Structure formats: C-alpha cells, structure tokens
Amino acid sequence: MGSGMSRGRRRSFGAGASGGMLPLLALQVLIEYGRAGASRPPVTAALLAANALIYLRPGALDGILPSLTRVSFNPWLIIEYGDLVRFFLSPFYHLSESHLFYNMTSLLWKGIQLETSMGSVEFASMVAALLGLSQGITLLLSKGLLLLGDYTAYYNQYAVGFSGVLFAMKVVLNAWSEDFVYLHGMVIPAKYAAWAELILIQGRFTGRGRVGRRQSARDAPRRLWRCSTCTYDNSASTDICEMCNTAREDNAFSQRQDHQAGGNGELSVNEIRRRRLQRFDR
C-alpha cells in the first residue's frame with residue numbers, strides 16, 4: 001500500500017515548508033515533459049498533479065478534501081462498514097514529502113513508458129483496474145490472515161500511498177522482458193523480479209509472528225524491522241529507514257547497537273538516499 005500508520009502516530013501532511021524534494025520532483029517532471037520530441041502523456045501528468053495537489057491541499061482544496069485519517073486504508077473499517085472512501089482514495093494520499101517524492105518519481109518513470117506504448121485511454125483503464133485489484137487483494141489477504149491465525153495487526157493497520165499501483169505497473173512493465181536481473185545473489189528473469197522481491201521480503205518473517213512485532217531484543221539483530229511511518233522492511237544493521245529516513249522507534253535497541261558498533265554502524269543520510277534512489281534507477 002505504501003506507508004502504514006500506527007494508531008498512535010498519524011502525521012499531519014501538506015503543511016510546513018518544503019524540504020526540497022517537491023521542487024526536485026517538479027524539475028524532473030519539467031525535464032521529462034519539456035524534452036524535444038517528448039510524447040508528454042496526459043494521464044501520467046494528471047496522476048502526478050492529483051497526488052501532489054492532494055498532498056499540498058492549496059487554498060480551497062484544504063476544506064474540500066477529506067482528512068488523511070478519514071481516507072486511510074483500513075481493512076476492518078472497509079469490510080465491516082463498507083467504507084469505500086478509504087478503498088478508493090487512500091492510494092492518492094501520502095504521509096510525507098519523501099513518501100510523495102519517491103512514489104511520484106517511480107510513477108513518472110513507469111507511467112511515461114507504459115502510456116506511450118499503450119495509449120492514454122488504455123493506460124487510464126489499466127491504472128483504474130490495477131488500483132481496484134491492488135486494494136481488493138490487500139483486503140482479501142488481510143481478512144484471510146485474520147481467519148487463519150492471530151494476525152489482527154494486519155487487519156487493523158492503517159495505510160496510504162500509491163505503492164500498490166506502482167508495484168502492479170512494474171509487473172506489467174516487465175511482463176514481456178527477456179532480460180535477467182541480479183537479486184539477492186540470484187539471477188532471475190526480469191519479468192519475475194517484482195514478485196521475487198516481494199516474496200523474499202515477506203519470507204524473512206515466516207514463523208516469526210506479526211512481522212517482527214513480537215520479536216525480542218535478543219533476536220532483533222538477526223531480523224528486520226518495519227518502519228512505523230512507511231512500513232518498509234529494513235535491515236537490523238541500520239536505525240534509519242532506507243525508504244523515508246525515519247529513525248527507528250526502538251531507542252533502547254538502537255542505543256545498545258550503537259554502543260556495540262562503537263558509533264560507526266549508522267549509514268549516512270546521503271548513503272541512505274543514494275540506496276533509495278537506486279531502487280528506481282532501472
């Protein structure tokens with residue numbers, strides 16, 4: 001889905017001065033659409049503008065658009081109360097500037113390629129279908145996990161973001177690729193790379209309870225930790241989320257890890273950003 005939110009931590013968004021990422025995003029869009037001979041796909045541009053306007057909420061839009069907490073995707077609320085507002089609108093909301101920037105950078109790259117090759121009408125239809133499928137599959141999986149065992153945290157989790165649609169677009173984009181990619185020590189066909197990456201990430205938690213939420217401090221160094229802001233699964237060797245740069249909340253473990261590493265184990269902000277940007281450099 002994108003960024004998940006714990007019940008006690010729902011950030012305000014669209015407020016305050018820009019941290020520099022939105023101007024950079026605007027520059028990237030201008031470069032792509034301003035190039036001589038560029039196709040300038042309109043549906044991709046509309047999606048970029050819609051996501052940005054919803055995040056920024058300028059002028060009268062602030063009073064018209066529903067709040068983040070009103071639209072956050074929550075399987076329990078959607079299934080039990082038929083809350084379709086959460087089902088359809090949550091992909092267009094983002095928690096932070098970095099969350100919006102990384103998703104829109106990915107959308108810009110994937111959208112231009114797909115819309116140029118498919119045509120705007122077919123691309124728009126595909127995006128609508130992928131949005132419904134990604135949201136629907138998330139609902140079915142969360143409900144299924146609840147029925148199979150103690151996975152209440154999945155069922156009650158809040159999330160927003162365009163990541164589900166972007167993942168599906170990546171699958172479509174690579175569906176007919178004959179190339180091979182290197183993933184975690186394995187060489188696999190590019191058309192299966194997105195699924196393999198998803199399975200590898202989730203497979204790390206098999207038999208370990210609710211995505212590491214029940215792990216003990218003693219076992220933590222051998223496992224991953226999930227960012228409470230964007231739900232990205234990070235290596236236990238870093239205390240800063242590689243997706244959104246949010247500090248790990250488990251301060252006790254972080255301090256102990258820093259002490260053991262002599263204070264030299266933490267990645268620099270520039271290195272984290274470089275690694276994150278590499279995820280979209282395809």
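The shown structure was predicted, so the numbers you read here are calculated from the model rather than taken from an experiment.
In this structure, the separation between CG on Leu107 and CG on Leu100 is 10.0 Å, given to the nearest 0.5 Å. With values rounded to the nearest 0.5 angstrom, Leu146 atom CG is found 8.0 Å from Asn156 atom CG. Here Arg35 contributes atom CZ and Arg40 contributes atom CZ; the two are 10.0 Å apart, rounded to the nearest 0.5 Å. Once rounded to the nearest 0.5 Å, the distance linking CG of Leu108 with CG of Leu47 reads 11.5 Å. Rounded to the nearest 0.5 angstrom, Tyr158 OH and Leu95 CG are separated by 13.5 Å. Rounding to the nearest 0.5 Å places CE of Met104 at 11.0 Å from CG of Leu22.
Taking the six-membered ring for Trp and thresholds of 30 and 60 degrees, Phe87 and Phe73 have ring planes inclined between 30 and 60 degrees apart.
In this structure, Glu115 contributes its side chain and Val43 its backbone to a donor-acceptor pair below 3.5 Å. Within the 3.5 Å criterion, the main-chain N or O of Thr105 finds no donor-acceptor partner in the side chain of Gln28. Checking side-chain atoms of Gln135 against main-chain N and O of Phe88 turns up no donor-acceptor pair under 3.5 Å. Put simply, the side chain of Ser134 never gets that close to the backbone of Gly164: no donor and acceptor are under 3.5 Å apart. In terms of modelled atom types and a separation under 3.5 Å, the side chain of Tyr155 and the main chain of Gly144 share no donor-acceptor contact. Between the side chain of Tyr93 and the main chain of Ile54, no donor-acceptor pair closer than 3.5 Å is present.
Taking Thr116 as the reference, Ser39 meet the side-chain hydrogen bond (donor to acceptor under 3.5 Å, both in side chains) condition, with sequence neighbours excluded. Remark: Ser117 pairs with no residue by the side-chain hydrogen bond (donor to acceptor under 3.5 Å, both in side chains) rule, at least two apart or across chains. Applying the side chain to side chain contact (heavy atoms under 4.5 Å, CB included) criterion to Leu141, with sequence neighbours excluded, gives Ile137. Taking the salt bridge (charged side-chain N to carboxylate O under 4.0 Å, His left out) definition, one finds that Asp83 meets it with Arg70, Arg86, sequence neighbours left out. Phe123 meets the ring-ring contact (aromatic ring centres under 6.0 Å, His included) test with no other residue; sequence neighbours excluded. For Leu61, the side chain to side chain contact (heavy atoms under 4.5 Å, CB included) partners two or more places apart in sequence, or in a different chain, are Leu53, Pro58, Leu65.
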Problem set entry | side-chain contact (heavy atoms from CB on, under 4.5 Å) assessment of Tyr33 paired with Thr44 | CA-CA 11 Å; Tyr33 277 79; Thr44 299; 3.5 Å; yes

Exercise. Under the side-chain contact (heavy atoms from CB on, under 4.5 Å) criterion, do His94 and Phe101 qualify, and how do the steps go?
Worked result: CA-CA 9 Å; His94 293 81; Phe101 173 80; over 6 Å; no

Problem set entry | Candidate pair Trp109 and Glu32, rule side-chain contact (heavy atoms from CB on, under 4.5 Å), full reasoning | CA-CA 9 Å; Trp109 187 84; Glu32 290 295 331; over 6 Å; no

For this session: Would you sort out whether Tyr192 and Asn174 count as a side-chain contact (heavy atoms from CB on, under 4.5 Å), showing the intermediate values?
Result: CA-CA 8 Å; Tyr192 302 127; Asn174 293 328; over 6 Å; no

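Heavy-atom minimum distance, Pro41 versus Ile112: CG-CA, 3.9 Å. The two residues Asn103 and Leu166 come nearest to each other via the heavy atoms O-CD1, 3.4 Å. The two atoms that bring Ser142 and Pro75 nearest to each other are OG-CB, 3.2 Å, heavy atoms only.
In this structure, Leu84 is a member of the same hydrophobic cluster as Leu131, with clusters built from ILVMFWY side-chain heavy atoms closer than 4.5 Å. With hydrophobic clusters built from ILVMFWY side chains whose heavy atoms lie under 4.5 angstrom apart, Leu133 does not share a cluster with Phe167.
Inter-residue side-chain proximity for Tyr81 and Trp76 is flagged as met; some heavy-atom pair is nearer than 4.5 Å.
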